[in-house]
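Everything on this sheet refers to the single structure shown next.
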2 protein chains.
Amino acid sequence: MTAALTIKQVAEKTALSVHTLRYYERCGLIASVDRASNGHRRYSADDIRWIKFLNRLRLTGMPIRQMQQYAKLVRQYPDAAFGDRRQLLENHRETVTRQIHQLQENLAVVDWKIQHYSELEDKLNEHSKINS
Amino acid sequence: MTAALTIKQVAEKTALSVHTLRYYERCGLIASVDRASNGHRRYSADDIRWIKFLNRLRLTGMPIRQMQQYAKLVRQYPDAAFGDRRQLLENHRETVTRQIHQLQENLAVVDWKIQHYSELEDKLNEHSKINS
DNA sequence: GCTTGACTTAGAGTGCGCTCTAACTTTTAA
DNA sequence: TTAAAAGTTAGAGCGCACTCTAAGTCAAGC
């Protein structure tokens with residue numbers, strides 16, 4: 001068996017704060033974490049896997065609302081609703097893919113500007129050479 | 001000469017709201033827009049180019065604070081400080097590039113999960129075929 | 001003359017995702 | 001035994017980037 005972890009240990013493992021872990025639990029993203037006899041949370045290996053995946057979703061910009069939907073599906077039908085879950089993730093993938101494209105597109109314009117500044121700098125340098 | 005545009009027209013052209021345009025002006029991102037005799041804003045072609053570039057920065061996630069720095073450089077030294085401006089944009093480019101990489105990395109995990117769900121669905125389908 | 005609609009300002013409100021506080025209990029180490 | 005560290009809850013607060021409201025001005029068309 002694997003040792004159950006305290007909230008602080010999970011915070012370190014997942015790079016979320018203890019505040020955020022409690023917040024996620026409060027708003028239904030993490031369900032029913034075991035408690036020690038003193039009421040302290042004890043996280044299982046499964047909990048940690050789940051939290052890490054949740055965090056992947058967050059880091060791709062999925063809103064909490066949508067994560068709640070996903071979490072609900074997983075909780076209600078642990079061994080089913082794979083189609084619905086997949087659909088939700090695929091929609092999200094599409095969103096993120098579009099977002100990445102737009103980032104790249106906008107970044108290209110910034111690149112262009114950087115290039116432009118480089119050329120202006122070069123011109124200034126040449127000018128100062130001539131005048132020296 | 002090009003016709004000066006009203007705030008509403010600029011909102012349409014830039015896909016920002018009139019509220020946002022005033023907000024950007026208030027916080028120093030857009031400086032000194034001309035006014036008609038009645039006090040209404042009249043935007044020049046240059047203003048619009050500037051606003052569009054600002055928006056590129058925003059769409060790549062640059063914080064307002066940093067845009068303010070950049071705007072300040074441009075305003076204080078319209079024909080100089082190219083090095084500083086370039087540096088600022090290059091730092092930002094680096095940030096965005098890293099962000100894109102991380103998005104792709106996290107998205108790969110989501111993809112993996114989608115794949116996993118597909119396989120589970122397939123198994124369920126086979127099972128129902130056998131049992132039918 | 002009067003309505004409609006676009007504009008102005010200062011400042012308040014909103015939604016998101018945390019992040020922190022207060023007041024309290026429990027555990028651990030000196 | 002006692003101080004420090006870590007846990008608990010409910011609920012308040014924060015930072016960001018808008019977004020909207022209220023109260024007013026102004027110009028054009030009926």
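First the proteins, then the strands, lettered A, B, ... as listed; each starts at 1.
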Just to verify, what does B:V10 make a side-chain contact (heavy atoms from CB on, under 4.5 Å) with, not counting sequence neighbours? B:L5, B:T14, B:L21, B:Y43, B:I48, B:I51
Polar side chain donor-acceptor pair, A:Q87 to A:N91, under 3.5 angstrom: yes
note: B:R42, atom CZ; D:dC26, atom C1'; distance rounded to Å ~ 12 Å
Would B:E25 and B:R35 pass as an ion pair if we require N to O under 4.0 Å? yes
Specify the separation, in whole Å, of atom CZ of A:R35 and atom P of D:dT8. 6 Å
Is any side-chain heavy atom of B:K52 closer than 4.5 Å to one of B:R49? no
Does C:dA6 have its OP1 or OP2 closer than 4.0 Å to a side-chain nitrogen or oxygen of B:T6? no
Can you give one letter per nucleotide of nucleotides 17-24 of chain D, 5' to 3': B if a protein heavy atom sits under 4.0 Å from the base, S if only from the sugar-phosphate, - if neither? BBBBB---
Grab the OH-C1' distance between B:Y43 and C:dT8 for me, whole Å please. 12 Å
Do any side-chain nitrogens or oxygens of A:R41 fall under 4.0 Å of OP1 or OP2 in D:dT9? yes
Round to a whole Å and report the spacing from CD of A:E25 to P of D:dA10. 11 Å
When rounded to whole Å, the CD to P distance for the pair A:Q66 and C:dG17 reads 10 Å
Taking the basic N atoms (NZ, or NE/NH1/NH2) and the acidic carboxylate oxygens, is any pair closer than 4.0 Å for A:E94 and A:R98? yes
Quick one: B:L21 CG to C:dA6 P, roughly how many Å, whole number? 16 Å
Considering just the side-chain nitrogens and oxygens of B:N38, establish if one lies under 4.0 Å of OP1 or OP2 belonging to C:dC7. no
Rounded to the nearest Å, what distance is computed from the CD atom of residue A:Q9 to the P atom of nucleotide D:dA5? 17 Å
Value in whole Å for how far the P atom of D:dA27 lies from NE2 of B:H40: 8 Å
Between B:Q99 and A:L103, the two heavy atoms sitting closest are NE2-CD1, 4.0 Å
Taking A:R41 first and then A:D34, would you say they form a salt bridge - that is, a charged N and a carboxylate O separated by under 4.0 Å? no
